[in-house]
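Beneath this line is the structure, given in C-alpha cells, with notes to follow.
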There are 2 protein chains.
Amino acid sequence: MDNKALLHKHGLRITDTRLAVLSLLQNSSKALSQSDVERSLPQQADRVTLFRVLQAFEDAGLAHKVMDAHGVARYASCAPTCSTEQHQDSHAHFHCTQCGDVYCLEDVELPKVKVPKGFKQQESHLEVEGRCAACA
Amino acid sequence: MDNKALLHKHGLRITDTRLAVLSLLQNSSKALSQSDVERSLPQQADRVTLFRVLQAFEDAGLAHKVMDAHGVARYASCAPTCSTEQHQDSHAHFHCTQCGDVYCLEDVELPKVKVPKGFKQQESHLEVEGRCAACA
DNA sequence: CAATATTTGCAACCGACTTGCAAATAATGC
DNA sequence: GCATTATTTGCAAGTCGGTTGCAAATATTG
Ligand SMILES: [Zn+2]
Ligand SMILES: [Zn+2]
Ligand SMILES: [Zn+2]
Ligand SMILES: [Zn+2]
C-alpha cells in the first residue's frame with residue numbers, strides 16, 4: 001500500500017505536505033520534532049501547517065508522539081495496527097542525554113506497579129536514557 | 001534534621017522562599033510545576049526566583065524533575081540519599097491522563113532492553129498512565 | 001558591624017505550541 | 001471536466017514555560 005492509500009485509509013485527504021511528512025517519518029531512524037520536520041522537508045510549509053499535520057497524524061494513528069527531555073514533542077511513524085481508535089505503541093524509547101535525540105526501541109514486557117488506592121492504570125512506557133552511537 | 005539544616009547540608013543558603021518551597025514539595029503528594037508552586041506559596045515570589053530555586057534544588061539533590069504529559073517540568077522532593085553528586089530516584093511515576101497530575105510511585109525492578117549497536121544505556125524510568133483517584 | 005558571596009526581582013527575550021479567519025485546494029457528484 | 005462542498009493551508013497574533021543579564025537586596029563570615 002502506498003502512502004496515498006495509507007492517508008486515505010486513515011481518513012485524511014492527500015496533500016503534498018502530508019505525503020512528504022509521512023515519508024520523512026517513515027524513513028527516519030529517530031523521532032522528529034516539528035522543527036526537525038520543517039528543516040528536513042524537501043518543500044517548504046508553514047509551521048502551523050506542520051503542527052496540524054503532525055497533530056492529524058497522531059489523531060489518525062499514523063504517528064505517535066514522544067516528549068523529549070526538554071518537553072518538546074517528537075513524532076515517529078506508527079505500527080500498521082494503530083488507528084484513530086487506538087494506538088498500540090507499547091515499545092520503549094531511548095533518549096540521548098547528549099544530543100537529545102529519541103529512538104523507538106523494541107517492545108518490552110513491563111513489570112507490574114502498585115498504584116495508590118483508587119488509581120486506574122491504563123498504559124505504561126519505559127524511557128531509557130544514555131548516549132546514542134554518535135555521542136557515545 | 002529541620003529544613004534549615006537540610007538546605008545547609010546541600011550547600012544552599014537559607015532564604016524564606018527556599019524554606020517555603022521545600023516544605024511545599026515535602027508536603028505534597030504530587031509533583032509540582034513551577035506555576036503550581038507559585039500559586040500555592042504562602043508568600044509571594046517572582047517566577048524567575050522560583051525557577052532558580054527549583055533548579056538549585058535539583059542540582060543540590062533536594063528535588064527531582066519529572067516532565068508531565070505536556071512537557072512541563074514538575075518537581076518532587078528527593079530521597080535523603082540524593083545529593084549534588086547523584087540522584088537515586090529510580091522509582092516509577094504515574095501520570096493522570098485527565099488532570100495531568102504526576103505522582104511518584106515505588107521503586108520497581110526494570111526489564112533489560114536491547115538498544116542499537118553503539119548505544120550506551122545509563123538510566124531507565126517507567127511511566128505509568130491512567131486516572132488518579134479523583135479522576136477515575 | 002563590615003566585607004563578601006549569593007540570591008532576588010525586573011525587564012526582556014526565546015522557542016514551542018495554539019487559535020481564528022480568509023484564501024487555496026482536495027474530494028465528490030454531475 | 002466542472003461546479004459544489006468540505007477540508008487544508010498560511011498568516012497574524014497570542015499564550016505559556018523556560019531562560020539570561022544586571023543591579024539591588026540579603027545571607028554568611030569573621
Ligand atoms: Zn500508534
Ligand atoms: Zn516510538
Ligand atoms: Zn533525587
Ligand atoms: Zn519521583
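Note on naming: letters A, B, ... go to the chains in the order of the sequence lines (proteins, then strands), and numbering restarts at 1 for each one. Every heavy atom of this structure was used, including side-chain atoms; hydrogens, water molecules and symmetry mates were not.
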Legend entry - Hydrophobic cluster membership, B:V115 vs A:V102, 4.5 Å side-chain cutoff: no
Legend entry - Short side-chain donor-acceptor distance under 3.5 Å, B:T49 and B:D46: no
Inset, instruction - Counting heavy atoms from C-beta on, name the nucleotide in C:dT18, D:dT9, C:dA16 closest to the side chain of A:V48. - result: C:dT18
Inset, instruction - Give A:S35 one of three labels, base, sugar-phosphate or nothing, depending on what nucleic acid heavy atoms sit under 4.0 Å from its own. - result: sugar-phosphate
Legend entry - Beyond-backbone contact of B:Q98 with B:R131, side-chain heavy atoms, under 4.5 angstrom: yes
Inset, instruction - Check each residue of residues 9-16 of chain A for a non-hydrogen atom within less than 4.0 Å of any atom in DNA chain D, then write out the ones that pass by number, or none. - result: A:R13, A:T15
Legend entry - Validation row, ring centre A:F119 to ring centre B:F94 under 6.0 Å: yes
Inset, instruction - Classify the side-chain pair B:D68/B:H70 by whether it contains a donor and acceptor separated by less than 3.5 Å. - result: no
Inset, instruction - Check whether the side chain of B:R47 and the base of C:dG9 form a donor-acceptor pair under 3.5 Å. - result: no
Legend entry - Along DNA chain D (nearest heavy atom to each residue), the more 5'-positioned of A:V53 and B:Q34: A:V53
Legend entry - Side-chain donor or acceptor of B:H10 paired with backbone N/O of B:L6 under 3.5 Å: yes
Legend entry - Distance in angstrom units between B:H8 NE2 and C:dT7 P, rounded: 12 Å
Inset, instruction - Examine B:H93 together with B:H91 and report whether their ring centres are nearer than 6.0 Å. - result: yes
Inset, instruction - Examine the side chains of B:T17 and B:T15 and answer whether a donor and an acceptor come within less than 3.5 Å of each other. - result: no
Inset, instruction - Select base, sugar-phosphate, or nothing to describe what A:A73 touches, counting heavy atoms under 4.0 Å on all strands. - result: sugar-phosphate
Inset, instruction - In whole angstrom, give the distance that lies between atom NZ of A:K4 and atom P of C:dA26. - result: 10 Å
Legend entry - Length of the NE2-P vector between B:H70 and C:dG15, whole Å: 23 Å
Inset, instruction - Starting from P on D:dT8, measure out to CG on A:L19 and report it in whole angstrom. - result: 13 Å
Inset, instruction - Return the nearest nucleotide to the side chain of B:D46; candidates are C:dT7, C:dG9, D:dT9. - result: C:dG9
Legend entry - Inter-axis angle, terminal five-pair segments of the helix from C:dC1-D:dG30 to C:dC30-D:dG1 [nearest 10°]: 40°
Legend entry - Integer-rounded Å distance: D:dC16 P and B:E38 CD: 12 Å
Inset, instruction - Take the protein atom CD of A:Q55 and the nucleotide atom P of D:dT7, then report the distance between them rounded to whole Å. - result: 16 Å
Inset, instruction - From the options C:dT19, D:dG18, C:dG9, select the nucleotide whose nearest atom is closest to the side chain of B:A45. - result: C:dG9
Inset, instruction - Check if the side chain of A:R52 and the base of D:dG10 share a donor-acceptor pair of N or O atoms closer than 3.5 Å. - result: yes
Inset, instruction - Check the side chains of A:H95 and A:E127 for a donor-acceptor pair under 3.5 angstrom, ignoring hydrogens and angles. - result: yes
Legend entry - Gap between atoms CE and C1', on B:M67 and D:dG17 respectively (whole Å): 10 Å
Legend entry - Residue among B:D16, B:D36, B:L24 satisfying side-chain contact (heavy atoms from CB on, under 4.5 Å) with B:L41: B:L24
Inset, instruction - Could you state the atom-to-atom distance from CG of B:L50 to C1' of C:dC10 in whole Å? - result: 14 Å
